[in-house]
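Computed over heavy atoms, backbone and side chain alike; hydrogens, waters and symmetry mates excluded.
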Amino acid sequence: MFGIDPQFLIQALGFAFIVAGVAARTGTWKNWYWRSRGAVYGYIPLGFLFLLYSFNAQAEERLGAYYVVYQGIGVLLLVLGVWWSLRPPAFVKPRWVRWIEEYPLKVRKAMQRAVENGDDWESHMTSREAVDAWVK
């Protein structure tokens, strides 16, 4: 229709997922936290899955019997992406998220309401002490 290579589109989508996941993981993109249930953590492995899938036809043609290993890597990335989206391990989360999640759910809900009301919350995520001060 537009003359754009589907492989390129899949690769672009993969890179977009990886960039968004890295931005969330490093703490650069913080606003996702209050709107998401944590699915953003799975973006990095899912982005790599898209990249892997974009080369599927070439891999099947060139790898022969080793293509099953290629498929296994794809399955591993899918499982990792789903796991990190549904129940992310602590090492995947930025420090400021781990600081917030130390508080009871009731406190986190109050923090979320403050954010929704326009509170300048990002300045409070610079240290554990700043988070503690904001909570009080």
Report whether L77 and V68 are members of the same hydrophobic cluster (ILVMFWY, side-chain heavy atoms less than 4.5 Å apart, transitive linking).
-> yes
State, to 0.1 Å, how close G47 and F17 come at their nearest heavy-atom pair, and which atoms those are.
-> CA-CB, 3.6 Å
Quick one: salt bridge (charged side-chain N to carboxylate O under 4.0 Å, His left out) partners of R113, sequence neighbours excluded?
-> none
Flag, side chain of Q7 to backbone of S54, donor-acceptor distance under 3.5 Å = yes
Under 3.5 Å, side chain of R98 to main-chain N/O of K93, donor-acceptor pair present?
-> yes
Can you tell me how far the CZ atom of F55 sits from the CD1 atom of I10, to the nearest 0.5 Å?
-> 10.5 Å
Residues L80, L49; criterion side-chain contact (heavy atoms from CB on, under 4.5 Å); working and verdict = CA-CA 10 Å; L80 197 62; L49 178 62; over 6 Å; no
Could you walk me through whether E102 and R128 pass side-chain contact (heavy atoms from CB on, under 4.5 Å), step by step?
-> CA-CA 10 Å; E102 289 177 0; R128 184 182 304 269; 2.6 Å; yes
Hydrophobic cluster mates of L76, side-chain heavy atoms under 4.5 angstrom, ILVMFWY only, any path?
-> none
Taking atom OH of Y67 as the centre, report whether more than 12 heavy atoms of other residues, nucleotides or ligands fall under 6.0 Å from it.
-> yes
What is the distance from atom CG of L51 to atom CG of L46, rounded to the nearest 0.5 Å?
-> 11.5 Å
Are the side chain of R25 and the backbone N or O of V92 linked by a donor-acceptor pair below 3.5 Å?
-> yes
Given the rule in the side-chain contact (heavy atoms from CB on, under 4.5 Å) test, do Y70 and L52 qualify, once you have shown the distances and angles that lead to the verdict?
-> CA-CA 8 Å; Y70 183 85; L52 188 74; 3.3 Å; yes
Out of curiosity, does V79 fall in the hydrophobic cluster containing Y43 (side-chain heavy atoms, cut-off under 4.5 Å, transitive links)?
-> no
Does the side chain of Y41 come within less than 4.5 Å of V97's, by heavy atoms?
-> yes
Atom CG of L63 and atom CD of Q71: how far apart are they, to the nearest 0.5 Å?
-> 10.0 Å
For the student: nearest non-hydrogen atoms of S85 and A39, plus distance = OG-O, 3.2 Å
Kindly give the heavy-atom pair with the smallest separation between P89 and W84, and that separation in Å.
-> CD-CD1, 3.5 Å
Under the 3.5 angstrom rule, does the side chain of W96 hit a backbone N or O of I100 as a donor-acceptor pair?
-> no
Kindly indicate, with the supporting measurements, whether the criterion side-chain contact (heavy atoms from CB on, under 4.5 Å) is fulfilled by L9 and L13.
-> CA-CA 6 Å; L9 291 176; L13 185 62; over 6 Å; no
Please report the shortest heavy-atom distance between P94 and A24, naming the atom on each side.
-> CG-O, 3.1 Å
Tell me, yes or no, whether the heavy-atom count around F91 atom CZ, taken from other residues, nucleotides or ligands under 6.0 Å, exceeds 12.
-> yes
F48 atom CZ: more than 12 heavy-atom contacts under 6.0 Å = no
Evaluate whether atom OH of Y53 has more than 12 neighbouring non-hydrogen atoms of other residues, nucleotides or ligands under 6.0 angstrom away.
-> no
